[in-house]
Q: 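Sharing a structure below in C-alpha cells format, with a few things to ask.
Order of the sequence lines sets the chain letters (A, B, ...), proteins ahead of strands, with each chain counted from 1. Hydrogens, waters and symmetry mates play no part in the numbers below; they use all other heavy atoms, side chains included.
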There are 2 protein chains.
Amino acid sequence: MALRYALLGLLAERPASGYDLAKEFEGDLGRYAWQAGHNRIYPELARLAAEGLVEGAEEGTRGRRVYTITAAGLAELRAWLLQPQLGGAVRNEGVLRLFLLSALDPGDARKMLNEIVAHTEQELARLKDTVSGETPISPGGRLDFGWLAAGYGLRQYEASRDWAVWALGEFDKAERRRTGRH
Amino acid sequence: MALRYALLGLLAERPASGYDLAKEFEGDLGRYAWQAGHNRIYPELARLAAEGLVEGAEEGTRGRRVYTITAAGLAELRAWLLQPQLGGAVRNEGVLRLFLLSALDPGDARKMLNEIVAHTEQELARLKDTVSGETPISPGGRLDFGWLAAGYGLRQYEASRDWAVWALGEFDKAERRRTGRH
DNA sequence: GTTGGATATGTCAATACGGACCTATCCAGG
DNA sequence: CCTGGATAGGTCCGTATTGACATATCCAAC
C-alpha cells in the first residue's frame with residue numbers, strides 16, 4: 001500500500017520514468033523510508049495509470065516512458081498524508097541487528113558497536129556536505145524531497161552514533177560489575 | 001529472512017511461547033526494528049524447530065508451548081550478527097510520510113509537522129521514564145534487550161523531533177522567500 | 001566496428017506478509 | 001452460573017516482495 005504513495009510523492013515533485021524512480025529508491029529514500037526495485041515499480045506504475053492517478057506519455061527513446069501525476073493522483077496522495085495514522089509498517093534489518101547485539105559475547109558486541117560508530121561517522125560526514133549547502137527548492141516552489149530526506153538521515157545517524165556510544169558504556173559497566181564480583 | 005533472527009534473538013534472552021514473542025513485537029521492538037504478528041510467528045517457530053535451531057517443550061496449560069534456543073540456533077544467530085552486511089531491508093511508513101510532506105500545501109505541511117513535534121514529545125516523555133531507571137541485566141548477565149531498544153527509541157524520537165523543528169523552519173524560510181517576491 | 005556500461009522495461013516463480021477468520025481455555029467479577 | 005477479557009494457538013487467502021531471468025537501445029572508448 002505504501003509503495004504507491006511513494007511513487008505518487010516522487011511524481012508530485014517532477015515527472016519521471018520507472019527507471020528514474022528506481023534510481024531514487026537507491027538514495028536516501030530507500031535507505032530510511034521505503035525500498036523498491038524496478039521489478040516492483042513498473043507493475044505499480046501500470047496500475048496507477050489504469051486507475052487514472054498517473055499518466056504515462058508515449059514511449060520515447062529507448063522505450064522510455066515518462067509518467068506525470070494527475071489531479072486525482074495528487075488528491076489521493078494528499079488525502080493519505082493528512083490522515084494521521086500512527087504506527088504503520090516498520091521493517092529495519094539494521095536496527096534489528098543493533099537490538100540483538102546483546103546475544104553476542106561482550107567482546108564481539110563491543111567490536112560491532114565500535115564498527116557502528118565508525119560507520120555512522122562516515123555517513124555523517126557525507127550527509128553534512130549534502131545538507132549544509134544551499135536550500136534547494138523544486139520548480140513548484142516546494143522544498144526538495146531529497147533535501148528533507150538528507151536532513152532526516154543526518155539526525156538519524158547522529159542518534160545511532162550516540163546510541164552506540166551509550167551502549168558501549170553500558171556494556172562496559174555490565175562487564176565491570178560481573179568481573180568485579182569474581 | 002530477518003524474522004527468524006528476531007525470534008532467535010528473543011529466545012536467546014529467555015525461553016518463550018509464540019504468544020509471549022508476539023507481545024514483544026508490540027513493544028519497542030516492533031516500533032523501531034521489526035514487526036510481526038502471531039500469524040507469522042507460529043509458522044516460523046515450527047520451521048525453526050524443524051531445523052533444530054529451537055526446541056519446543058510439550059504443550060502446557062492452555063496449549064502453551066515454550067520454545068528454547070538450541071546451541072545450533074545460537075550459533076546461527078551469532079554468525080548472522082557478526083557479518084557486517086550494511087543496508088538490509090528498510091520499510092518505514094511513518095518516515096515515508098515525513099518525506100512526502102512537501103507535496104502538501106505549506107499550511108497543511110506545517111500543521112502535520114506540528115503534530116509530529118507534539119507526538120514525539122509525548123513518546124519522549126514515556127521513554128525517558130523507562131530508560132532513566134535501573135540498568136536491568138538478564139539472567140545470563142547480558143544487557144536487557146528492551147532496555148537497549150528503549151535507549152535507541154529515545155534517541156530516535158529526539159532526532160525525529162529535531163528534524164520536524166528544522167523542517168518547520170525551512171518551510172517558513174521557503175514561504176517567506178516566495179511571498180517576499182510577490 | 002565492436003565491446004562494455006548505462007539506460008530502459010519488462011516477466012515469472014517462490015517466498016513473505018497482513019487481515020480476517022476460527023477454536024479453546026483460564027480466571028475474575030457480577 | 002455465566003460473561004468478558006486475557007491467554008494461547010492456529011489456518012487461509014490474497015497481495016506484496018524479492019531474485020533471477022530476459023531483452024533492447026544508445027553512446028563512448030578502444
Q: Linking I/L/V/M/F/W/Y whenever any side-chain heavy atoms sit under 4.5 Å apart, do Leu48(B) and Tyr19(B) land together?
A: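 Hydrophobic grouping puts Leu48(B) apart from Tyr19(B).
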Q: Can a salt bridge be assigned to the pair Glu26(B) and Lys23(B) using a cut-off of 4.0 Å between side-chain N and carboxylate O?
A: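 The answer is no: the pair does not qualify as a salt bridge.
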Q: Considering only NZ, NE, NH1 and NH2 on the basic side and carboxylate oxygens on the acidic side, decide whether Arg126(A) and Glu123(A) come within less than 4.0 Å.
A: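 Yes.
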Q: Give the rounded distance in Å between these two atoms: CG of Leu21(B) and C1' of dT7(D).
A: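 Roughly 14 Å, once rounded to whole Å.
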Q: Just how far is it from atom CG of Leu81(A) to atom CD of Glu76(A), taken to the nearest 0.5 Å?
A: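 Going from the CG atom of Leu81(A) to the CD atom of Glu76(A) covers 10.5 Å.
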Q: Let me know the distance between CG of Leu45(A) and P of dA16(D), rounded to the nearest Å.
A: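 Rounded to the whole Å, the gap is 14 Å.
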Q: Could you state the OH-C1' distance from Tyr67(B) to dG10(D), rounded to the nearest angstrom?
A: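 Distance, rounded to whole Å: 11 Å.
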Q: Base, sugar-phosphate, or nothing: which does Arg4(B) touch, judged by heavy atoms less than 4.0 Å apart?
A: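 Nothing, no heavy atom under 4.0 Å.
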Q: Specify the closest pair of heavy atoms between Gly52(B) and Thr70(B), including all atoms of both residues, with the distance to one decimal.
A: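 Nearest heavy atoms, Gly52(B) then Thr70(B): O-OG1, 2.8 Å.
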Q: Do the charged groups of Arg155(A) and Glu158(A) touch, with an N to O distance under 4.0 Å?
A: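 A salt bridge is absent here (no side-chain N lies under 4.0 Å from a carboxylate O).
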Q: Which nucleotide span of DNA chain C, 5' end to 3' end, has atoms closer than 4.0 Å to non-hydrogen atoms of chain B?
A: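 Reading along DNA chain C, I get dA16(C) to dC26(C).
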Q: Can you see if the side chain of Tyr42(B) gets near the phosphate of dG9(D) - specifically, an N or O under 4.0 Å from OP1 or OP2?
A: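 The answer is yes; a side-chain N or O of Tyr42(B) sits under 4.0 Å from OP1 or OP2.
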Q: Does Arg31(B) have any side-chain hydrogen bond (donor to acceptor under 3.5 Å, both in side chains) partners at least two apart in sequence or in another chain, and if so, which?
A: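 Partners of Arg31(B) under the side-chain hydrogen bond (donor to acceptor under 3.5 Å, both in side chains) test: Asp28(B).
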Q: Taking Asn114(B) for its side chain and Lys111(B) for its backbone only, find out whether a donor-acceptor pair lies under 3.5 Å.
A: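 No.
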Q: Under 4.0 Å between a side-chain N/O of Ser17(B) and OP1 or OP2 of dG9(D), yes or no?
A: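 For dG9(D), OP1/OP2 do have a side-chain N/O of Ser17(B) under 4.0 Å.
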Q: Taking only nitrogen or oxygen atoms into account, show me every contact under 3.5 Å that the protein makes with nucleotides 18-25 of chain D, one pair per line with its distance.
A:
from	atom 1	to	atom 2	distance (Å)
dT18(D)	OP1	Arg91(B)	NH2	2.8
dT18(D)	OP2	Arg91(B)	NH2	3.3
dG19(D)	N7	Asn39(A)	ND2	2.8
dG19(D)	O6	Asn39(A)	ND2	3.1

Q: How many whole angstroms separate atom CD1 of Ile41(A) from atom P of dT17(D)?
A: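 These atoms are roughly 11 Å apart.
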